[in-house]
Every structure is written in C-alpha cells, then in structure tokens.
Amino acid sequence: MADAGMLRFHVPEPEVRPGGTPDFSNVTIPKAGSVPRPEIDVDPRTIRDMAFSIIRVLNRAGEAVGPWAGLLTDEELLEGLRHMMTLRTFDARMQMAQRQGKTSFYMQHLGEEAVSCAFRKALKPGDMNFPTYRQAGLLIADGYPMVMMMNQIYSNEADPLKGRQLPIMYSSKEHGFFSISGNLATQYIQAVGWAMASAISKDSRIAAAWIGDGSTAESDFHAALVFASTYKAPVVLNVVNNQWAISTFQGIARGGSGTFAARGLGFGIPSLRVDGNDYLAVHAVAKWAIERARRNLGPTLVEYVTYRVGAHSSSDDPSAYRPKAESDAWPLGDPVVRLKNHLIHKGVWSEDRHTQAEAEILATVIAAQKEAESHGTLHAGGKPSTRDMFEGVYAEMPPHLRRQRQQAGV
Ligand SMILES: Cc1ncc(C[n+]2csc(CCOP(=O)(O)OP(=O)(O)O)c2C)c(N)n1
Ligand SMILES: [Mg+2]
C-alpha cells in the first residue's frame with residue numbers, strides 16, 4: 001500500500017551490456033528428445049505446454065534422439081550441411097563485397113542458417129514463402145542460382161529485379177519466394193491472405209509466413225493471427241527469435257507471455273518452439289506444421305529459438321549494445337558444427353571431408369561472384385537501363401509516367 005497513487009511502468013532490460021559477462025542462464029533448454037511428437041490432428045488445447053518448451057533432436061554427443069528424429073536420410077543430411085555451408089560462405093563473400101564498395105548494403109545469416117535451409121526442404125514445389133531479409137537459405141536450399149542473387153545484390157545489368165529493390169531483397173515466383181517487403185510484418189498478412197486465396201481456389205499449395213522477434217510487436221502480426229485462426233488458413237506462421245531486433249533485445253517485443261510461441265495460444269493456434277540451431281529439429285517441426293496446413297487442419301505457429309551471431313546488417317555495430325563474446329556463450333551452439341558432428345558421429349563425414357567441402361564451396365561461390373561482377377557492381381560496369389524504372393508496374397503506362405520517361409530521354 002506504500003505505493004498507492006504512485007504509478008510505475010516497467011522497461012525490460014537485457015541481462016548484460018557491453019563489457020559484462022554474457023549470461024544465458026535464463027534460457028531453459030530441455031534435453032534433446034524430451035518433447036513428445038503429437039499426432040498432427042491433435043487438439044491444440046492439449047499441447048499448450050509446447051509453446052513453453054523447446055523441441056530438440058541433436059544432443060551434445062551429436063546423436064539424433066527422441067520422437068522428432070529419423071526423418072532424413074544420410075544423403076539429405078549431407079545436402080543440408082552443404083546448403084548451410086554455402087549460405088555461410090555466400091554471406092562472408094557478400095559482406096566483404098559490401099566493405100569493398102561493390103554494393104551499398106548486405107545482411108548476414110550467421111548462426112541462423114539451419115532455419116531457412118531446413119524449412120525449405122519440408123515444402124513442396126509451388127508452396128509460397130513470404131520471407132524477411134534473413135531467409136536466403138530458402139533460395140539456396142531450393143537450388144536458386146547464386147549468381148542471380150549476386151546480380152541482385154550488385155544491382156547490375158543482369159539483376160533480375162533491375163535495380164528496383166534494396167540489395168538482398170530477392171524475388172522468385174518459381175522458387176516460392178515472394179518479393180521481400182521492407183515494411184516488416186507485412187509478410188504475415190500477405191501470407192495468410194495468399195493461403196486463404198489458395199484454399200478459395202481449391203488449390204493444394206500452402207503458404208509460409210516469416211517474421212523476426214522484434215517485428216511481432218507490429219499490429220500486422222496480430223491481425224494475421226486473427227485471420228489465420230478464424231478461417232483456419234493453410235499457413236505456417238514462422239517466428240525467428242534470434243534474440244535481437246537491431247539493438248533491441250527480444251524482451252521488449254515479447255511481452256509478458258514468456259515466449260513468442262505463446263502468442264498463438266490466445267488464438268487457439270497450435271504453437272511450438274524449436275531449437276533453431278538444430279537442422280533435424282527445424283526440419284521435423286516444419287514438416288509437422290506443413291502437413292497440418294496441407295490437410296486442412298489450420299495454421300501452426302513455430303518459434304525458432306536461435307541467435308543472430310553477426311551484426312544486424314552491414315550498417316550495424318553490435319559491440320555498442322551487447323558483449324562481444326555473447327554469441328560464443330549462446331547455449332544452442334552453431335548449426336553447421338552441430339550437423340557436421342552428427343554426420344561424423346554417424347560415420348558418413350569426417351574433418352578432412354569437411355575441410356575439402358569448405359574449399360570446394362568457396363571456389364564455387366568465388367566463381368559465381370566473378371560471373372556476377374562481369375555484369376557490373378554498384379559503381380562499375382553494366383547497370384539496368386533507366387527505362388526499366390518505368391516498366392513492370394502498369395499494364396498500360398499512365399500519361400504522367402510516359403511524360404517522365406520522355407523527360408528522362410529513355
Ligand atoms: C514496419 C517497420 N518498422 C521498422 C523497420 C526498421 N527495421 C528494419 S529491421 C528491424 C529490426 C527487426 O528485428 P527482428 O524482427 O527481430 O528481425 P531480425 O533483424 O532480428 O531478423 C527494424 C526495426 C522496418 N523495416 N519496418
Ligand atoms: Mg530478431
């Protein structure tokens with residue numbers, strides 16, 4: 001009663017600041033294999049506790065254990081490892097290209113490679129992702145040519161988007177990768193709407209929505225959940241909780257619910273949390289959620305618990321807001337190392353083969369980069385035509401655009 005009349009509000013603070021010792025003791029990590037795998041037509045009310053746990057398959061010894069294990073062959077796992085390694089190498093080269101002034105902007109996936117690479121392998125051709133800028137693994141794991149991604153990053157004469165999108169905001173209908181919108185959370189309403197349209201037209205293609213932890217604070221996220229819940233849209237609602245939204249820690253957007261997955265519960269949406277650094281767990285949970293959508297059982301919300309090891313973007317310096325060694329302390333490890341260790345444990349991979357694969361992948365990425373650079377980079381070589389700026393929006397160009405094009409002399 002001492003405080004009667006004196007109101008307070010609460011501003012959550014991250015556990016540690018730069019200079020402090022990283023501390024993830026507040027992240028509760030269940031044992032690998034300990035979370036059950038319900039039937040896909042389970043009554044959502046009976047699995048509410050899954051929104052507060054973490055589904056994991058790979059244990060510390062590199063074994064795949066529990067009811068979510070055993071869905072992928074050795075060949076598929078080796079392919080998954082290669083995709084993640086390719087994305088990591090691609091990232092490193094493009095980050096460097098940004099520093100060399102060959103593009104204005106880049107965003108890395110370091111530490112989060114398993115999320116998009118493993119999810120893609122659970123989809124079918126024709127399914128549509130509505131990604132953010134941190135899911136390039138959806139393209140890499142689907143065999144989209146790296147050189148096309150680089151052409152887009154360089155905004156060169158072979159850029160499939162003709163310089164009209166921010167670097168890294170790819171688009172490919174054929175590869176189920178909807179044009180990235182820079183306005184975060186719009187992906188959610190677009191995906192739910194697309195999924196509803198797919199059902200209305202009696203199609204069999206499902207949609208996948210993507211959002212980061214920070215962006216769940218946007219009202220579009222909540223509006224999309226209402227529609228998905230009410231109309232049982234065939235959609236998978238992905239939340240990538242990488243602990244940070246630029247310099248803002250996840251506790252700000254998360255609210256009082258304890259987890260991002262718990263947001264789905266109020267909408268009656270089955271909501272799971274998964275170890276986002278475990279390729280096998282991500283794939284198994286994605287398959288479960290995608291099957292539910294495909295069988296008209298409605299939406300599933302999946303929170304991927306991971307960590308953004310790199311900077312937010314090439315314009316960011318995380319040392320200003322978090323301890324430098326925080327990523328080393330992240331308790332779920334590195335997705336590439338964990339899958340590599342699993343494959344070594346199974347006897348189908350080795351340190352030598354890994355080193356050799358790293359060299360091969362680097363050579364492939366460099367070859368793609370050379371090819372892309374032959375078409376130009378930000379300040380050198382070929383560029384899209386100014387004329388392209390006026391094309392591709394209207395079936396018939398309105399008079400004011402025609403006038404502007406004439407003024408531009410193209
Ligand atoms: C609607 C909207 N608000 C703000 C921004 C600026 N912005 C770009 S990225 C970002 C942080 C997003 O963090 P999160 O959703 O956690 O995704 P992450 O970058 O961690 O993958 C912000 C605020 C934006 N692009 N769109
Ligand atoms: Mg984030």
Side-chain angles (χ1 to χ4, degrees), residues 12 14-15 24 27 54 84 87-88 91 94-95 98 104-119 129-140 165-171 177-191 208-225 237-255 257 259-264 273-277 282 301-322 326-327 330 332 335:
E15 298 290 330
F24 286 111
V27 185
I54 303 181
M84 290 199 289
L87 177 55
R88 188 165 287 190
D91 265 351
M94 291 296 99
Q95 173 77 7
Q98 193 278 335
S104 56
F105 187 68
Y106 191 70
M107 296 181 95
Q108 297 185 81
H109 304 72
L110 194 59
E112 298 177 45
E113 292 89 348
V115 176
S116 53
C117 288
F119 188 88
N129 288 286
F130 290 77
T132 78
Y133 42 69
R134 232 182 284 284
Q135 281 92 45
L138 295 172
L139 287 173
I140 296 218
Q165 275 273 55
L166 187 77
I168 62 109
M169 294 209 173
Y170 320 106
S171 169
F177 195 95
F178 202 86
S179 307
I180 297 181
S181 157
N183 301 7
L184 293 169
T186 50
Q187 290 80 10
Y188 253 59
I189 43 177
Q190 291 168 1
W210 292 90
I211 201 166
D213 45 53
S215 308
T216 62
E218 282 286 337
S219 44
D220 278 351
F221 173 72
H222 303 87
L225 260 55
L237 303 163
N238 295 308
V239 178
V240 183
N241 175 7
N242 63 6
Q243 313 301 317
W244 290 94
I246 315 185
S247 56
T248 304
F249 90 114
Q250 50 83 27
I252 296 284
R254 195 190 61 216
S257 58
T259 70
F260 289 91
R263 292 284 176 77
R273 287 179 97 215
V274 56
D275 179 344
N277 290 12
V282 169
L301 193 148
V302 182
E303 176 185 344
Y304 302 87
V305 184
T306 182
Y307 186 87
R308 195 200 77 211
V309 176
H312 170 73
S313 72
S314 54
S315 313
D316 176 45
D317 172 13
S319 70
Y321 54 82
R322 66 184 192 189
E326 195 179 75
S327 62
W330 176 242
L332 293 174

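Just so you know, ligand 1 is whichever comes first in the structure, and atom 1 is the first atom listed for that ligand.
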Of the choices W244, Y133, W210, F249, which has the non-hydrogen atom that lies closest to atom 20 (O) of ligand 1? W244
Please state whether the rings of W210 and Y304 are parallel, tilted or perpendicular, taking 30° and 60° as the class boundaries. parallel
Can you say whether the rings of Y321 and W244 are parallel (under 30°), tilted (30 to 60°) or perpendicular (over 60°)? tilted
Taking non-hydrogen atoms only, is [X] closer than 4.0 angstrom to ligand 1 via side chain, backbone, both or neither?
{"X": "R308", "value": "neither"}
{"X": "Q250", "value": "neither"}
{"X": "L184", "value": "both"}

Angle, O of W244 through the Mg ion (ligand 2) to OD1 of D213 - 10° precision: 90°
Within the distance-only criterion (no hydrogens, no angle test), does the side chain of [X] pair as donor or acceptor with the backbone N or O of [Y] below 3.5 angstrom?
{"X": "E303", "Y": "F260", "value": "yes"}
{"X": "H109", "Y": "D91", "value": "no"}
{"X": "R254", "Y": "T216", "value": "no"}
{"X": "R308", "Y": "S327", "value": "no"}

Do [X] and [Y] pair up side chain to side chain, a donor and an acceptor below 3.5 Å, judged on atom types alone?
{"X": "D213", "Y": "Q250", "value": "no"}
{"X": "N277", "Y": "T306", "value": "yes"}
{"X": "Y307", "Y": "E326", "value": "yes"}

For [atom], grab the closest protein heavy atom and report residue, atom and distance to one decimal in Å.
{"atom": "atom 23 (C) of ligand 1", "answer": "I246 CD1, 4.1 Å"}
{"atom": "atom 15 (O) of ligand 1", "answer": "S215 OG, 2.6 Å"}
{"atom": "atom 16 (O) of ligand 1", "answer": "D213 OD1, 2.5 Å"}
{"atom": "atom 25 (N) of ligand 1", "answer": "G182 O, 2.8 Å"}
{"atom": "atom 21 (O) of ligand 1", "answer": "R134 NE, 3.0 Å"}
{"atom": "atom 14 (P) of ligand 1", "answer": "G214 N, 3.6 Å"}

Flag: protein heavy atom within less than 4.0 Å of atom 4 (C) of ligand 1: no
In the complex you have, is atom 8 (C) of ligand 1 within reach of the protein, judged by whether a heavy-atom distance drops under 4.0 Å? yes
Assess S215: does it contribute an N, O or S atom lying under 2.8 Å from the Mg ion (ligand 2)? no
Which heavy atom of Y188 sits nearest to which heavy atom of L225, and what is that distance? CE2-CD1, 3.9 Å
Closer than 4.0 Å to some heavy atom of N242 - which atoms of ligand 1 meet that? 18 (P), 20 (O), 21 (O)
Should you measure from each heavy atom of G212, which atoms of ligand 1 turn up under 4.0 Å away? 14 (P), 15 (O), 16 (O), 17 (O)
